[in-house]
Amino acid sequence: MPLRSKIIGTGSYLPEKIIDNVDLERKVDTSDEWITERTGIKQRRVVRDGETSSDLCLEASKRALLAAGMEAKDVELVIVATMSGDMPMPSTASILQNRLGATHAGAFDLNAACSGFIYGLSVADNFIKGGTFSNILLVGAEVNSRFLDWSDRKTCVLFGDGAGAVVLKSTRGRSGILSTHIYSDGRLWDYICVPGGGASHPPTMETVKKGMHFIKMRGHETFKVAVKTLEKLVVDTLKANKIKPSDLAMLIPHQANLRIITATARRLNLPMEKVAVNLDKYGNTSSASIPIALDEVVREGRLKKNEYVMLEAFGGGLTWASAMIRW
Ligand code: UT7
């Protein structure tokens, strides 16, 4: 049997502070009704002062390692998918590697916005299949709240903070990651972006005054591309694995908008009981949304050995990605 990577442990961590839709009604011209109807979000978690991405990563990683029965010193590679790391350099993965005591591991961050976790899964899977590493820690973590303009109702109601982690191990069994698929259309980069703070517009008084360090999104345009793209992506992913929609035990989608999630489920004729939804509690946590949802599904006992589970995501880049797993 060829080498395969298997998720042997999951973990997640959400900051304690909750901001609900009614709290937001006091900040911007919005309503619980609008946010609930258009997005499905009821509340989101946000970090407290001083809390960072690596803090969230650390807790999620400890839980994943505990579930996997693996010690940090046995991890060979740490990948953190994030677009809101502790600082531009070094990587949050290196900070996490030190804080965890993963002394033998290489470490790097990966940014594919909301598709980052599945991109990371693809990278980790290929390192394992190629025989380079046997034990990999992959984390998706975001502190989106620090990059939100809390006076912009078009974005501040959507996002939240959190982290999810998985431990991947090489196996030769029938279960594990069957395929990963990653795509991008960089022509549409400005649909979702943080225009300032990077090398093209380094931080100055001017960029800060213009709010260029905040997340900007052309929501409606993104929504239309997302629905169309994801409908094709999930069908293609099933086809690539010769799996029928009815054989799928769970779909774990990125949690951006309940209307996008239901449209994708409808395309596959999947009942919503087979679809992981937690954006009502956490909002859109970008690259953390899928590992958080996966951890919840696993801990609730909703996935049994050998069942098929599909992950799919869409986000800034634009990027989109999917993975098929035999649990
Ligand atoms: O995770 C990365 C990928 N991201 C996504 O996939 C997000 C995709 N986009 C979406 O989820 C949706 O487009 C949104 C939730 C962002 C917006 O929903 P929409 O149904 O596309 O609304 P819209 O942008 O077309 O806005 C409709 C109206 C506008 O008012 P007018 O121009 O019709 O008078 C907005 O100004 O709703 C207004 N609006 C709001 N009203 C109350 C926008 N935001 C709000 C708000 N509260 N927070």
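Since this is a predicted model, take the numbers as computed values, not measurements. Both ligands and their constituent atoms are indexed starting at 1 by order of listing.
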- If you compare Gly40, Gly219, Ser115, Gly315 by their heavy atoms, the one closest to atom 13 (O) of ligand 1 turns out to be Gly219
- Task: Taking atom 32 (O) of ligand 1 as the reference point, report whether a protein heavy atom occurs under 4.0 Å from it.
- Result: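 Within 4.0 Å of atom 32 (O) of ligand 1, no protein heavy atoms are found.
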- Item | Exercise check, heavy-atom protein proximity under 4.0 Å to atom 45 (C) of ligand 1 | yes
- Query: Taking non-hydrogen atoms only, is Ile260 closer than 4.0 angstrom to ligand 1 via side chain, backbone, both or neither?
  - Reply: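 The answer is the side chain.
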- Query: Would a distance-only check, ignoring hydrogens and angles, find a side-chain to backbone donor-acceptor pair under 3.5 Å from Gln97 to Ala105?
  - Reply: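 Side chain of Gln97 to backbone of Ala105: a pair is present.
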- Name the one of Asp20, Asn21, Asp161 that satisfies side chain to side chain donor-acceptor pair (under 3.5 Å) with Arg44?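 It is Asn21, the one option of Asp20, Asn21, Asp161 that forms the side chain to side chain donor-acceptor pair (under 3.5 Å) with Arg44.
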- Determine, using heavy atoms of Ile35 and all atoms of ligand 1, whether some pair is separated by less than 4.0 Å.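 Contact check Ile35 vs ligand 1: negative.
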- Item | Closest approach of any protein heavy atom to atom 23 (P) of ligand 1, naming residue and atom | His220 ND1, 4.2 Å
- Trp34 contact mode with ligand 1 (heavy-atom cut-off under 4.0 Å): side chain
- Note on the structure: Looking only at non-hydrogen atoms, the one of Glu25, Arg153, Lys154, Glu37 nearest atom 38 (C) of ligand 1 is Arg153
- Message: When you group the ILVMFWY residues by side-chain heavy-atom contacts below 4.5 Å and let the links chain together, are Leu100 and Ile136 in the same group?
- Response: no
- Task: Please work out which of His254, Arg38, Glu221 has its closest non-hydrogen atom nearest to atom 22 (O) of ligand 1.
- Result: Arg38
- Message: Going by the closest heavy atom to atom 1 (O) of ligand 1, which one wins out of Val28, Leu318, Asn144, Asn284?
- Response: Asn284
- Of the non-hydrogen atoms in Gly85 and Thr92, which two are nearest, and what is the gap between them?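 Closest approach of Gly85 to Thr92, heavy atoms only: CA-OG1, 3.2 Å.
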- Under 4.0 Å, heavy atoms only, figure out whether ligand 1 is touched by the backbone of Thr30, its side chain, both or neither.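 Both backbone and side chain.
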- pair Leu121-Val123: side-chain heavy atoms closer than 4.5 Å: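 No, their side chains stay 4.5 Å or more apart.
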- Query: Is it the case that more than 12 heavy atoms not belonging to Glu300 sit under 6.0 Å from its CD atom?
  - Reply: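 Counting neighbours around CD of Glu300, more than 12 heavy atoms of other residues, nucleotides or ligands fall under 6.0 Å, so yes.
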- Message: Starting from atom 2 (C) of ligand 1, what is the nearest protein heavy atom, named by residue and atom, and what distance separates them?
- Response: Cys114 SG, 3.3 Å
- Message: Give me the residue, atom name and distance of the protein heavy atom closest to atom 11 (O) of ligand 1.
- Response: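 Answer for atom 11 (O) of ligand 1: Asn257 ND2, 2.7 Å.
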- Selected option - heavy-atom contact closest to atom 18 (O) of ligand 1, from Arg218, Lys224, Arg259, Gln255: Arg259
- Item | Donor-acceptor contact below 3.5 Å, side chain Asn241 vs main chain Ile243 |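 No, the answer is negative, given that no donor and acceptor are paired below the 3.5 Å cut-off.
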- Query: In terms of residue, atom name and distance, what is the protein heavy atom nearest to atom 7 (C) of ligand 1?
  - Reply: Met217 CE, 3.8 Å
- Compute the centroid of each ring, for Phe127 and then for Phe133, and state whether the two points are separated by less than 6.0 Å.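 Yes; Phe133 has its ring centre under 6.0 Å from that of Phe127.
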- Task: Say whether, by atom type as modelled, one donor and one acceptor occur between the side chain of Glu76 and the main chain of Ser134 under 3.5 angstrom.
- Result: yes
- Shared ILVMFWY cluster between Leu188 and Ile192, side chains joined below 4.5 angstrom? yes
